[in-house]
Amino acid sequence: MNSAPATPISTWAPLRSPVYRALWIAQLVSNLGTWMQTVGAQWILVDQPNAAALVSFVQTALALPVMLLSIPSGVLADLVDRRRLLIGAQTAMALASLTLTLFTATGHTTPAVLLMLLFLLGCGQALTAPAWQAIQPELVPREQISSAAALGSMSVNIGRAVGPAVAGVIVAVAGPTVVFAFNTLSFVGIVAVLLVSTWQTSPHILPSERPLAALQAGTRFIRAAPSIRRVLFRAILFIAPASAVWSLLPVIAHDRLGLASDGYGLLLGALGLGAVCGALGLSRLRVLFTPTQRLALAAVLFGMGAVATALVHSVVLVLVLLVGAGLAWLLAMATLNSTMQLLLPAWVRARGLSVYMLVFMGGQAIGSLLWGLVAGAYGAVTALLVAAGLLACCAVSTVWWPIRHNVEDIDLSPAAFWPEPQLVVEPEAEDGPVLVMRGYDVPAAEVAAFTVSMAMVGRSRQRTGAMEWRLYRDVGVVDRYVEAFVVRSWAEHMHQHQVRLTARDREIEETVAHYSAGPHTVSHLVAVEPG
């Protein structure tokens, strides 16, 4: 049990925000359109030579851009206005989908044209996803982030469960053109909602960072944030074995359960139904269990689903356990996603979430490939049982590698609390690197506690921009300690001063100030080329 709030926050609470509600509905329709589009695309290719390979290329064309572009997209989403970025990306996707619709209606959709347009739509999705995730904390209060993450996962799973079934009927009656047209309208709907919606964002008080410098700053932040690295690690531990169920379920449905395509759709529907149930019950689960306990529970439930698909011959029992697996999937994804969002300050949120997306997509893609190879060599049943064993290990490992449980209490609001440096020479923006030295007078009795607190200060400096950080003892002055850190340029140091510091960083520095006697001394040194 945990110390979570006694009063659960409803899963539906974010929908009280008119902007969030409109965007969520538009995204739900778009998710339906995306899965319907996939069915229509696969239907076009089923009669082509080498159909099996071409059909598999549909998912590759949609997923590959996300893996290739998620990190650059995260950098871009942190540097520009996210609302405008979303409008531009969704407009481009609407145009690509419209092109696919017109080509299909006139009989010009060859396999090459189809895959090229799907790849472009995948690029749009890669461009959209980090920005879409990053705006969630701007739309709802911090305490509703977990509910918003659950609603987002619910939207995806409703699309996954309902979209293919609806598309199958529409394609059979009217052909794939209609589902492509629906997908086009779904993108238009999102653009319309974005155009009429506004929400409060953090103003840019300094010129934007350069892309490469922004990428390096995001990398440094994650390296210096153990809590975030732990979330990414736990995501890999869950997603890699869980991908076995998603990748091998068609084989199990056909070979072991003797189901046709509609039966396979029923199995997917059970997973989707479980995800919806998980979202509905998430508020209660958040009260009963810590985030780490929720991840352990998710691993156990999904492992049971893997065992069921491997060993159980009763379709009804498999469906029941897959509902539990769907609940587990939602529980894990909502917990991981919301924890990432709550641990990331606004200035680096999209970059951090893009890394999470890369881990998520890469874990699924590589995991599916590996489980396919294992199933080919030893059989699908063996592969699923091994995956279930790894999920059990994932659950047990939470004892040693938990994730942070009080993320809602961390104050990451911007807090520019450093005094402006006193200058006699104004450096140029790209001058650097910059060496900052700060002295502390610490009584001998306080040194042990001081050095422990300074370790947290060091991570704070590195998260906000320091390439290097060290604590020194000045052997020429009694009880004098000096921290020194290096920032890439004067412009980045100004971002550190005015944009990147948070209330949490201020709390860390106030703890250190408690052990230091007398005022701090700060020096700024900008590198110059000799000669």
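When reading the values below, keep in mind they use all heavy atoms of this one structure, side chains included, and skip hydrogens, waters and symmetry mates.
- With hydrogens and angles disregarded, no donor-acceptor distance shorter than 3.5 Å links the side chain of S30 to the backbone of A26.
- For the atom pair CG (L232) and CD1 (I222), the distance works out to 6.5 Å, reported to the nearest 0.5 Å.
- Note on R351 versus D78: salt bridge recorded, some NZ/NE/NH1/NH2 to OD/OE distance being below 4.0 Å.
- Within 6.0 Å of the CD1 atom in I366, the count of heavy atoms belonging to other residues, nucleotides or ligands does not exceed 12.
- Taking every heavy atom of both residues into account, G74 and A350 meet most closely at O-CB, 3.4 Å.
- Contact check for P137 versus R142: no side-chain heavy atoms found under the 4.5 Å cut-off.
- A donor-acceptor contact shorter than 3.5 Å is absent between the side chain of N337 and the backbone of M333.
- Ring orientation note: the planes of W329 and F238 are tilted relative to one another, at an angle of 30° to 60°.
- Both the sub-6.0 Å distance and the 45° axial angle are satisfied by R500 relative to the ring of W347.
- Here the side chains of Y20 and L151 are in contact, with some heavy-atom distance below 4.5 Å.
- Separating the CD1 atom in I135 from the CG atom in L85 is a distance of 10.0 Å, to the nearest 0.5 Å.
- In this structure a side-chain-to-backbone donor-acceptor pair under 3.5 Å is present from T464 to R461.
- Remark: the backbone N or O of E510 is not paired with any side-chain donor or acceptor of H514 at under 3.5 angstrom.
- Separation of atoms CD1 (I190) and CD (Q27) is listed at 4.5 Å; rounding is to 0.5 Å.
- Under a 4.0 Å N-O distance rule, the pair R286/E143 does not qualify as a salt bridge.
- For R480 (side chain) and D441 (main-chain N/O), no donor-acceptor pair under 3.5 Å exists by modelled atom type.
- Between R230 and R404 there is no side-chain heavy-atom pair separated by less than 4.5 Å.
- When the shell of 6.0 Å around CZ of R210 is examined, it contains 12 or fewer heavy atoms from other residues, nucleotides or ligands.
- Across all non-hydrogen atoms, the minimal contact from A299 to L391 is CB-O, 3.4 Å.
- Considering only heavy atoms from C-beta on, H524 comes within 4.5 Å of H493 through its side chain.
- E428 and W490 share no side-chain donor-acceptor pair at under 3.5 Å.
- With respect to the salt-bridge test (charged N to carboxylate O, under 4.0 angstrom), the residues R506 and E509 do not qualify.
- Not one N or O on the side chain of R438 forms a donor-acceptor pair closer than 3.5 Å with the backbone of V482.
- Here the side chain of T292 pairs a donor or acceptor atom with the backbone of I403 at under 3.5 angstrom.
- Judged by distance alone, with hydrogens and angles left aside, the side-chain atoms of S97 form no donor-acceptor pair with the main-chain N or O of M93 at under 3.5 Å.
- Minimum interatomic distance between C394 and S397 (heavy atoms only, all atoms of both residues): O-OG, 2.8 Å.
- Two residues are said to be in side-chain contact when any heavy atoms from C-beta on lie closer than 4.5 Å; L121 and L118 meet this criterion.
- Across all their heavy atoms, S155 and W24 have their closest contact at CB-NE1, 3.8 Å.
- With respect to the salt-bridge test (charged N to carboxylate O, under 4.0 angstrom), the residues R463 and D505 qualify.
- Counting heavy atoms from C-beta on, the side chains of V374 and V386 never come closer than 4.5 Å.
- For R488 and E468, the salt-bridge test fails: no basic side-chain N is under 4.0 Å from an acidic carboxylate O.
- Annotation for L23 and W132: closest pair O-CZ2, 3.8 Å, computed over non-hydrogen atoms.
- Looking only at distances, a side-chain donor or acceptor of S243 sits under 3.5 Å from a matching main-chain atom of A240.
- Q496 places none of its side-chain heavy atoms less than 4.5 Å from the side chain of E492.
- In the displayed structure, R229 atom CZ is contacted under 6.0 Å by more than 12 heavy atoms of other residues, nucleotides or ligands.
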I would like to know whether D411 and R504 meet salt bridge (charged side-chain N to carboxylate O under 4.0 Å, His left out); could you show each step before the answer?
CA-CA 6 Å; D411 188 353; R504 174 57 178 160; over 6 Å; no
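- In this structure, L139 and P14 have side chains that are not in contact, with every pair of non-hydrogen atoms separated by 4.5 Å or more.
- More than 12 non-hydrogen atoms from other residues, nucleotides or ligands lie less than 6.0 angstrom from CD of E420.
- Between A149 and S338 the shortest heavy-atom distance is CB-CB, 3.9 Å.
- Residue Y440 forms a ring pair (Phe, Tyr, Trp, His ring centres under 6.0 Å) with just one option from F450, Y515, Y472, and that option is F450.
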Let's go through Q341 and Q136 carefully: what are the C-alpha distance in whole Å and the side-chain angles of both, what is the deciding distance for side-chain hydrogen bond (donor to acceptor under 3.5 Å, both in side chains) to 0.1 Å, and is it a yes or a no?
CA-CA 8 Å; Q341 292 194 36; Q136 303 304 306; 6.0 Å; no
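- When atom types are taken as modelled, the side chain of R294 and the backbone of F289 share a donor-acceptor pair closer than 3.5 angstrom.
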